[in-house]
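First comes the structure, then the notes that go with it.
Sequence lines set the chain letters: A, B, ... in the order given, protein chains first and strands last, and positions in each chain run from 1. When reading the values below, keep in mind they use all heavy atoms of this one structure, side chains included, and skip hydrogens, waters and symmetry mates.
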Protein chains: 2
Amino acid sequence: MNPLLQLDNIRSVLIRQEETIIFALVERAQFRVNARVYRPGGIAIPEFEGSFVDFLLHGTEALHAKVRRYQSPDEHPFTDNLPPPLLEAIDHGSPLARNTININARIKALYEETIVPEICAAGDDEQYGSTAVCDVACLQALSKRIHYGKFVAESKFRSDPATYGTAVKAGDAEQLLKLVTDLAVEEKLCARVRRKAAAYGQDLTEPSGEYKIEPEFVAELYRDHIIPLTKDVEVAYLLQHPVSE
Amino acid sequence: MNPLLQLDNIRSVLIRQEETIIFALVERAQFRVNARVYRPGGIAIPEFEGSFVDFLLHGTEALHAKVRRYQSPDEHPFTDNLPPPLLEAIDHGSPLARNTININARIKALYEETIVPEICAAGDDEQYGSTAVCDVACLQALSKRIHYGKFVAESKFRSDPATYGTAVKAGDAEQLLKLVTDLAVEEKLCARVRRKAAAYGQDLTEPSGEYKIEPEFVAELYRDHIIPLTKDVEVAYLLQHPVSE
């Protein structure tokens, strides 16, 4: 089997992404909410409609598109009108079925409306540039993790094409959601993420016992949002999956 | 006094930057050395001379320049030919004396030649895009920390203008280096950085006791490179400092 689809490999990629997400959140948490950066026109940029974060996000994605980031099956842009790659296309030999799933709009709303107000102190410190750079890192990390559900789903489909195929042919999203759910794994994951957030977010400067972000919030973020969104990606992906007649 | 020059504030900025640097290094360490990304032409980019990292670095800095990053006295670009800001200039009211110090070329050499081979496994995993994105984050974090020496130096100068003024007038770099050196503070800093690297770089997935980067290396990096380079910035800055006759 393609190593990208071996469950052990997928698992270690997802586990490593926990660090990336927690680091990015801890970095963002050093600045205040700075709501202006999320409001279209909050910081007026000539000839650009959208928020300050949209501007940085589009600019970053345009740059990364030039070096082929979004040709990779595990990368999904938040913005449109990206330039073509400067480098020759390489055939990544995607192990995924052709699909059109990109739920970044939901991820962005979750991030701006739920995560930022939770991890950042209220108010405005005028650190707009640093804030938006952190936002881009957080959004990219969350998007990569959640869309990795496509690899999880493909792997699961291949491990039991008969059962999955039946649910796919019936268009039975509810059954697919049941099939991809493993509560024991999810609980273990949340416990691990809580441990990691406690270790990486602790204040080691003074023995204050304070956390830069609450470990419990990170566990809840996974339980209530990241895991369900990942499973939404899995189900949506499976519903588009070709099945043999 | 301008709050940017109060030693307590400077100290807390520098301490918080330790997290940013360690997180960035841990993130980079998940990929192999990937020497190709540092070699000019190692990955051919049409109409661009320089390495793949240079391309990403210039593109990122061009984007950030548009939103005024390099108008801030604590930010220093690695690359030239950056576009003017799209946003109106704001007077940051820099508390620094006018100066031309930018040692990013030395920082980049340190990073590519010493840091990457130390923290990354040898070889090539073809993760060039992810690698270069991490490189940009590491370089920006190191540059910001080291050039913060300008604020340290200005604060010290103002705390004792007579002593510093005499050394500046004499162009006595050796004496200035002595004046800005505090070995007790440096030792405390290295111990703290070692503790932080141990906490943030530990592998919490398995109780393996392994580190993603060696805490001792991070302490040495500060002792042998980051602190000396910061002091070089301090001395160079002071040598350009105006003194009353």
Side-chain angles (χ1 to χ4, degrees), chain A residues 11-13 15-20 22-24 26-27 30 43-48 52 55-56 58-60 62-64 66-72 75 86-88 90 126-130 132-134 136-137 140-141 144 192-193 195-206 212, chain B residues 11-13 15-20 22-24 26-27 30 43-48 52 55-56 58-60 62-64 66-72 75 86-88 90 126-130 132-134 136-137 140-141 144 192-193 195-206 212:
Chain A
R11 183 170 170 270
S12 66
V13 170
I15 288 176
R16 182 58 188 77
Q17 288 175 354
E18 292 160 6
E19 268 80 338
T20 303
I22 293 169
F23 289 170
V26 171
E27 285 294 282
Q30 66 189 305
I43 296 171
I45 301 169
E47 294 171 51
F48 184 79
F52 188 72
F55 181 81
L56 254 290
H58 179 73
T60 304
L63 175 65
H64 293 179
K66 286 185 193 166
V67 295
R68 281 191 306 227
R69 180 171 186 149
Y70 303 106
Q71 313 249 306
S72 182
E75 294 285 354
L86 285 176
L87 309 179
E88 257 175 75
I90 32 173
E126 299 188 352
Q127 301 290 305
Y128 305 134
S130 303
V133 168
C134 288
V136 171
Q140 289 180 331
K144 187 160 186 166
R192 184 179 59 238
V193 160
R195 254 188 353 259
K196 284 186 179 179
Y200 306 148
Q202 64 187 305
D203 189 340
L204 285 162
T205 304
E206 314 293 342
K212 299 198 189 86
Chain B
R11 182 169 171 269
S12 66
V13 170
I15 287 176
R16 182 59 189 74
Q17 289 175 354
E18 291 159 7
E19 267 80 338
T20 303
I22 293 168
F23 289 170
V26 171
E27 285 293 282
Q30 66 189 306
I43 297 171
I45 301 169
E47 294 171 51
F48 184 80
F52 188 72
F55 181 80
L56 254 291
H58 179 73
T60 304
L63 175 64
H64 293 180
K66 286 184 193 166
V67 295
R68 280 191 306 228
R69 180 171 187 150
Y70 303 106
Q71 314 249 306
S72 181
E75 294 284 356
L86 285 176
L87 309 178
E88 256 175 76
I90 30 173
E126 299 187 353
Q127 301 291 306
Y128 305 135
S130 304
V133 169
C134 288
V136 170
Q140 289 180 330
K144 188 158 185 166
R192 183 178 62 236
V193 159
R195 257 188 350 259
K196 286 187 178 178
Y200 306 147
Q202 64 188 307
D203 189 340
L204 285 163
T205 305
E206 316 292 346
K212 300 198 189 86

Beyond-backbone contact of [X] with [Y], side-chain heavy atoms, under 4.5 angstrom:
X	Y	result
B:Y128	A:L87	no
A:L63	B:L63	no
A:L86	B:F55	yes
B:K196	A:Q202	no

- Message: I'd like to know if the side chain of B:R195 reaches the main chain of A:L204, judged simply by a donor and an acceptor atom lying under 3.5 Å from each other, with no hydrogens or angles considered.
- Response: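 Such a contact is found between B:R195 side chain and A:L204 backbone.
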- Task: Give the minimum heavy-atom separation between A:Y200 and B:F23, together with the two atoms involved.
- Result: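 Taking A:Y200 first and B:F23 second, the nearest heavy atoms are O-CZ, 3.6 Å.
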Portion of [X] that has a non-hydrogen atom of chain A nearer than 4.5 angstrom:
X	value
B:A132	neither
B:S130	side chain
B:L56	both
B:V133	side chain

- Task: Give, as side chain, backbone, both or neither, the part of A:A24 having an atom under 4.5 angstrom from any heavy atom of chain B.
- Result: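 Contact with chain B: none, neither part.
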- Separation between NE2 of B:H64 and OG1 of A:T60, rounded to the nearest 0.5 Å: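 Spacing of NE2 (B:H64) from OG1 (A:T60) equals 5.0 Å.
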- Message: Under a 4.5 Å cutoff for heavy-atom pairs, which residue among B:K66, B:E18, B:R192, B:Q30 has the most contacts with chain A?
- Response: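 Of the candidates given, the most pairs with chain A belong to B:Q30.
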- List in chain and number order the residues that pass salt bridge (charged side-chain N to carboxylate O under 4.0 Å, His left out) with A:E75, two or more places apart in sequence or in another chain; answer none if no residue qualifies.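 By the salt bridge (charged side-chain N to carboxylate O under 4.0 Å, His left out) rule, A:E75 matches A:R69, A:K144.
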- Contacts of type salt bridge (charged side-chain N to carboxylate O under 4.0 Å, His left out), residue B:K212, not counting sequence neighbours: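 So B:K212 forms a salt bridge (charged side-chain N to carboxylate O under 4.0 Å, His left out) with A:E19.
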